[in-house]
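Okay, so here's the structure we're looking at.
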Amino acid sequence: MGKGSKRRRLQKKKMLQGYHIKEEIQPQQKGQQNKPKPETGEVFRKRLEQRHDELRWLYMELYENGSMFAELCDNMWRFYLEREEELKLRDLEREENRSWYKQNDLLGMMLYIDNFAGDIKGVETRLDYIEQCQVNYIHLMPFLDTPKGRSDGGYAVSDFRKVQEKLGTMEDLESLTAACHKRGINVCMDFVMNHTSEEHEWAKKARRGDGEYMSRYFFFDDACEPSIYEKTVPQVFPITAPGNFTWLEDAGHFVMTSFYPYQWDLNYKNPRVFNEMMYNFLYLANRGMDIIRIDAVPYIWKEKNTSCRNLPQVHTIVRMMRIISEIVCPGVLLLGEVVMEPEKVVPYFGTVEKPECHMLYNVTTMATTWHTVATRNVTLLRRQLDTINSLPRDYVFLNYLRCHDDIGWGLDYDSLRREGMEERPHKQYLNDYFQGYTEGSNSRGELYNFDSITGDARFCGTTASMCGVEKAGFERDSYVMERAIRQDLMLHAYMFMQSGIPVLYSGDEIGQVNDYTYKQDPNKAADSRYIHRGAMNWDLAKKREDFDTVEGRIFQGLRKLERIRRAERAFVCQADAWTIETWEPAVLCMGRYFEGEKIIGLFNFSEFDKTAWINETDGEYIDLMSGEEIKPVGVGIPAYGFYYLKKKG
């Protein structure tokens, strides 16, 4: 046995003993010696002991810096000590029930704080409404400090420990998360770790020529190195922000900016960057976060002569984040934003033995869903769902119809070509359809980042506007409105039946349509994504109990779907899930089975009545929506209709 390994074991033992001793001193220093504590330093020590060796091995593999690793461990201990006792209790409960988020009782909602309720205190006053929506998981869109007009919707952070002044303070945030926890509501936030704003303290020092801070980014004094990167690194926004580097005239250097010129990519080859960002991560976790969404995960590690996407070191970093959170705050989940095709998304779950993210977005299925709406053909969607259903049950996806971002048409074009659909003309068709330019379309919306050379573009619009609610309301067409509401509810019913956690976009619960007022704001006018980022219309929300209104029909319809999902065990994430051939291109059939309970979902993606030629003869079924007994053999489904058929026990 080498002297080095023996020395490391002794150091580890001494370190762990030290943590235990400090815990016994800490309460007395705070005058809390008589207050019962849910746990002692022994809990932290055991967590660290169980995971220390792997964490150290991964850290040294990347950085070969033992002193920086020791600093990381010391700070993990510090953040553990600072963690509120209520959060530590929450951690213990979730350690005992590690599948707490894999049940059928979680429903999410994404919301912008200012659009939804003005500020953080305003959100706290709206918790009754959130509960009425059956929502118990709110994703607060970016709220950390950003420069006005150069924020990319909040994703250019200038201070990771300060809330935007217009939204409130960190104390307001802690008050909100505590109030949410009392009601059983989980809180999610964005952690933007790929880059900082150019107004961040580090960036300002780097711009002034401070070498220590320049090394936290990618700085080059001439175009030679950047030109090497540009040969292999794709552009994220080729129209609005071409290239991957920005020339800083005052600094006399190029800096890497994969997204926008005011967002400077962080250099994770520098261990100081990793450590400091992990301290920010733990600081935010200690404010009461339950889920932390890691923004732009695949971009974190950069190497010349590569695409700078999905490199092995990214997985090392995410795995270390998972270990760190399991030691300090195991009640916190990691949600990865990986906007790529399934084969590149799945690796971010890690493995059963060495997990990375707890949850990932089901981005490709979302885009394929809208492709299905436009084509009235479920073939590609079935293939997509079959792929996801074949994955281990431990993998949890977040499913959604719309979110804060645009829709990119990253479809499986190899499969579509076999059906006679070429990529460029099909993208053109989808964009024309959802803008309302093609016959049979009632959708409304706008393009984002249109490239006239390649024909590429992304689409922006709310769920309701894409289903026809906006057009029907403008034209006062009751027939189109009826169809739009049915399509909206059918799509949500289909989304709720997917394996994973369904997430609503704030306003979708009342059928809120596109907001074109963004064009009047010079800070937003160039970004058409703000068309679906409009302020919550609380006057319309008041109609949610009136079934004679559009808002009431959608709200009450969603409420019924949500209650069914919570009541039926077949909707848990661990259930068996599969698709069933219907012999009708426009009708999707999905099955779910768990512990003796079976449900079949039928969804008509067409504006015409259709028949699903299924032949389930294993017993009697009842429609959970209507209570009607329906035999699942040759089922007639009305235009944009759906059924939840449960096998009678």
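- Asn65 places a side-chain N or O within donor-acceptor distance of the main-chain N or O of Met68, the cut-off being under 3.5 Å.
- Tyr505 places none of its side-chain heavy atoms less than 4.5 Å from the side chain of Met109.
- The six-membered or imidazole ring of Phe642 lies away from that of His492, with a centre-to-centre distance of 6.0 Å or more.
- Side chains of Asp152 and Gln263: a donor-acceptor N/O pair is present below 3.5 angstrom, by distance only.
- For Asn104, the side-chain contact (heavy atoms from CB on, under 4.5 Å) partners two or more places apart in sequence, or in a different chain, are Arg569, Phe571, Val572.
- For His315 and Glu356, the side-chain atoms include at least one donor-acceptor pair closer than 3.5 Å.
- Checked against the 6.0 Å centroid threshold, Phe69 and Trp57 do not count as a close aromatic pair.
- Partners of Asn310 by side-chain hydrogen bond (donor to acceptor under 3.5 Å, both in side chains), not counting sequence neighbours, listed by chain and number: Tyr348.
- Nearest approach of Leu167 to Gly118, heavy atoms of both residues: CD2-O, 3.9 Å.
- Taking every heavy atom of both residues into account, Lys302 and Leu311 meet most closely at C-CD1, 4.3 Å.
- Counting only heavy atoms from C-beta outward, the side chains of Leu144 and Lys162 never approach each other to under 4.5 Å.
- A donor-acceptor pair is defined here as one N or O able to donate and one able to accept, closer than 3.5 Å; such a pair exists between the side chain of His195 and the backbone of Tyr155.
- For Asn280 (side chain) and Met277 (main-chain N/O), no donor-acceptor pair under 3.5 Å exists by modelled atom type.
- At a threshold of 4.0 Å, the pair Asp508-Arg402 does not count as salt-bridged, since none of the basic side-chain nitrogens sits closer than that to a carboxylate oxygen.
- The minimum heavy-atom distance between Met193 and Leu266, with the atom names listed, is O-CD1, 3.5 Å.
- No donor-acceptor pair closer than 3.5 Å links the side chain of Tyr268 to the backbone N or O of Pro271.
- Considering only heavy atoms from C-beta on, Cys188 stays 4.5 Å or farther from Asp290 through its side chain.
- Of the N and O atoms on the side chains of Tyr59 and Asn275, at least one donor lies less than 3.5 Å from an acceptor on the other residue.
- In this structure Glu124 satisfies the side-chain hydrogen bond (donor to acceptor under 3.5 Å, both in side chains) test together with Ser175, sequence neighbours excluded.
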Distance-only criterion, 3.5 Å: show the donor-acceptor pairs between side-chain atoms of residues 554-561 and protein atoms not counting sequence neighbours.
unit_1, atom_1, unit_2, atom_2, d
Gln556, NE2, Arg544, O, 2.9
Gln556, NE2, Glu545, OE1, 3.1
Lys560, NZ, Met625, O, 2.5

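- Between Ser499 and the choices Arg592, Arg393, Lys102, Met590, the side-chain contact (heavy atoms from CB on, under 4.5 Å) rule is met once, by Arg592.
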Exercise. Could you go step by step and tell me if Arg272 and Glu276 meet the salt bridge (Lys or Arg N to Asp or Glu O under 4.0 Å) rule?
Worked result: CA-CA 6 Å; Arg272 174 55 60 197; Glu276 294 294 339; 2.9 Å; yes
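- For the pair Tyr101 and Arg94, the minimum side-chain heavy-atom distance is 4.5 Å or more.
- The closest side-chain donor-acceptor pair between Asn267 and Arg216, if any, does not fall under 3.5 angstrom.
- Remark: the Arg533 side chain and the Asn115 side chain contain no N/O donor-acceptor pair separated by less than 3.5 Å.
- Here the shortest heavy-atom pairing between Leu391 and Tyr395 reads CB-CD1, 3.9 Å.
- Relative ring orientation between His404 and Tyr112 is described as perpendicular, the plane-to-plane angle rising above 60° on a 0-90° scale split at 30° and 60°.
- Here salt bridge (Lys or Arg N to Asp or Glu O under 4.0 Å) pairs that include residues 318-329, with residues two or more places apart or in two chains, are Arg51-Glu326, Glu54-Arg319, Arg322-Glu326.
- In terms of modelled atom types and a separation under 3.5 Å, the side chain of His532 and the main chain of Arg529 share a donor-acceptor contact.
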Exercise. Hey, mind stepping through Asp265 and Tyr299 against side-chain contact (heavy atoms from CB on, under 4.5 Å) and telling me if it holds?
Worked result: CA-CA 9 Å; Asp265 291 58; Tyr299 300 81; 5.5 Å; no
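- Relative orientation of the Tyr644 and Phe603 rings is perpendicular, given thresholds of 30° and 60° on the angle between their planes.
- By the 4.0 Å N-to-carboxylate-O rule, Glu42 lies close enough to Arg45 to be salt-bridged with it.
- Considering only residues two or more places apart in sequence or on other chains, Thr125 meets the side-chain contact (heavy atoms from CB on, under 4.5 Å) condition with none of them.
- In terms of modelled atom types and a separation under 3.5 Å, the side chain of Asp91 and the main chain of Gly331 share a donor-acceptor contact.
- Checked for salt-bridge contact, Glu95 and Arg47 meet the test: a charged N lies under 4.0 Å from a carboxylate O.
- Panel note: side chain His358, backbone Leu334; a donor-acceptor pair is recorded below 3.5 Å.
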Exercise. When you look at Asp190 and His139, which way does the side-chain contact (heavy atoms from CB on, under 4.5 Å) test go after all the steps?
Worked result: CA-CA 8 Å; Asp190 291 90; His139 178 178; 2.8 Å; yes
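- Within the structure, the salt bridge (Lys or Arg N to Asp or Glu O under 4.0 Å) test picks out the following pairs touching residues 109-120 (sequence neighbours left out): Asp114-Lys166.
- Contact check for Ile185 versus Tyr137: no side-chain heavy atoms found under the 4.5 Å cut-off.
- No side-chain heavy atom of Asp394 sits less than 4.5 Å from a side-chain heavy atom of Phe349.
- In this view, Lys269 and Glu303 satisfy the side-chain hydrogen bond (donor to acceptor under 3.5 Å, both in side chains) rule, not counting sequence neighbours.
- In this structure, Phe281 has its ring center at least 6.0 angstrom away from the ring center of Phe274.
- Closest non-hydrogen pair, Asp105 versus Trp100, comes out as OD1-O, 4.5 Å.
- Side-chain contact check for Thr462 and Gln512: no donor-acceptor pair (N or O, by modelled atom type) lies under 3.5 Å.
- Between Asn362 and Tyr400 there is no side-chain heavy-atom pair separated by less than 4.5 Å.
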For this session: Could you give me the CA-CA distance, side-chain angles and deciding distance for Arg78 and Glu82, then say whether salt bridge (Lys or Arg N to Asp or Glu O under 4.0 Å) is met?
Result: CA-CA 6 Å; Arg78 176 171 65 85; Glu82 293 173 357; 3.4 Å; yes
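- Applying the side-chain hydrogen bond (donor to acceptor under 3.5 Å, both in side chains) rule to Glu509 yields the partners Tyr129; only residues at least two apart in sequence or on another chain are considered.
- Screening residues 331-340 for salt bridge (Lys or Arg N to Asp or Glu O under 4.0 Å) gives Arg293-Glu337 as the qualifying pairs, with residues at least two apart or on separate chains.
- No side-chain donor-acceptor contact under 3.5 Å links Glu71 to the backbone of Ser67.
- The pair Glu85-Lys88 counts as a salt bridge, with a side-chain nitrogen and a carboxylate oxygen less than 4.0 angstrom apart.
- Counting only heavy atoms from C-beta outward, the side chains of Met110 and Leu504 never approach each other to under 4.5 Å.
- Considering only residues two or more places apart in sequence or on other chains, Lys647 meets the salt bridge (Lys or Arg N to Asp or Glu O under 4.0 Å) condition with Asp618.
- The heavy-atom pair separating Asn389 from Ala577 by the smallest distance is CB-O, 3.3 Å.
- Screening residues 130-146 for salt bridge (Lys or Arg N to Asp or Glu O under 4.0 Å), with sequence neighbours left out, gives Glu131-Arg183.
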